[in-house]
Amino acid sequence: MAEKVRERAQRPEDLSRLVVERLNAGDVDGLVELYESDAVLALPDGVVATGVEEIRVAYARLVADRPVFQPGHQAPALLAGDLALTSSRLPGGTGATVEVARRQPDGSWRWILDQPNAPWVVSEPVDRSTVPG
């Protein structure tokens, strides 16, 4: 069976859009692809997921109830060589995110540090047939 080809982040700012799209699609494998193998993801309960297997478990739990996420206001990335600081203010003033991404050898970007300072569930589960995409 052929492996699914997913869009890669060509700019650091693409990561926020891709994470929202993949969260809403329930695409755990696609979410994990946005992170380096030894990345660190801070979880709302104070737990830290380190590495893609722990990140996979965290996202599988998160998308299990099929919540719907809305994109936030993306700030321009702050670049320093192959590193980028990204952040988004979430809709409704519910919080913000801050991340560090690294340029990969193929020119794409992946997160190495992800600190979502917000509730993970932006809205309650809804009728998925009404959600675009």
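This one's a predicted model, so the numbers in the text were calculated from it and none came from an experiment.
Using a 4.5 Å heavy-atom threshold, the side chains of Val63 and Leu23 count as touching. Using a 4.5 Å heavy-atom cutoff, the side chains of Pro116 and Leu41 are in contact. Proximity of Pro91 to Phe69: side-chain heavy atoms (C-beta onward) are nowhere separated by under 4.5 Å. Residues Glu99 and Leu15 have side chains not in contact (no heavy-atom distance under 4.5 Å, counting atoms from C-beta outward). Two residues are said to be in side-chain contact when any heavy atoms from C-beta on lie closer than 4.5 Å; Lys4 and Asp27 meet this criterion.
Contact detail for Leu43 and Ala58: the closest heavy-atom pair is CD2-CB, 3.8 Å. In plain terms, the two heavy atoms of Ser88 and Gln74 that are nearest each other are OG-OE1, 3.2 Å. Summarising the geometry of Ala9 relative to Leu18, their closest heavy-atom pair is N-CD1, 3.8 Å, with the distance given to 0.1 Å. The two residues Leu79 and Pro12 have their closest heavy-atom pair at CD2-CG, 3.8 Å. Nearest heavy atom pair, residue Arg6 against residue Asp29, reads NH2-CB, 3.6 Å. When all heavy atoms of Ala42 and Gln115 are compared, the pair lying nearest together is CB-OE1, 3.4 Å.
Separation of atoms CD (Glu7) and CD (Glu33) is listed at 11.5 Å; rounding is to 0.5 Å. Rounding to the nearest 0.5 angstrom, the gap separating the OG atom in Ser37 from the CZ atom in Arg110 is 8.5 Å. Separation of atoms CH2 (Trp109) and CD (Glu36) is listed at 10.5 Å; rounding is to 0.5 Å. Interatomic distance, Leu78 CG to Thr86 OG1, rounded to the nearest 0.5 Å: 10.0 Å. Atom CG of Leu31 is separated from atom CD of Glu21 by 10.5 Å, given to the nearest 0.5 angstrom. Once rounded to the nearest 0.5 Å, the distance linking OG of Ser108 with CZ of Arg102 reads 12.0 Å.
Two different hydrophobic clusters hold Val52 and Leu113 under the rule that ILVMFWY side chains link at heavy-atom gaps under 4.5 Å. Under the 4.5 Å side-chain heavy-atom criterion for grouping Ile, Leu, Val, Met, Phe, Trp and Tyr, Val40 is not connected to Val32 through any hydrophobic cluster. Note: the hydrophobic cluster containing Tyr35 does not contain Val100 (ILVMFWY, side chain heavy atoms under 4.5 Å, direct or indirect links). Cluster membership for Val47 and Val98, using ILVMFWY side-chain heavy atoms within less than 4.5 angstrom, is not shared. If you chain together hydrophobic residues whose side chains sit under 4.5 Å apart, Leu83 and Trp111 never meet in one group.
With sequence neighbours excluded, the residues satisfying salt bridge (Lys or Arg N to Asp or Glu O under 4.0 Å) with Arg103 are Asp82.
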Assess the residue pair Gln104 and Arg8 against the criterion (side-chain contact (heavy atoms from CB on, under 4.5 Å)); give the C-alpha distance rounded to whole Å, side-chain angles, the decisive distance to 0.1 Å, and a yes or no.
CA-CA 10 Å; Gln104 303 300 298; Arg8 294 182 181 193; over 6 Å; no

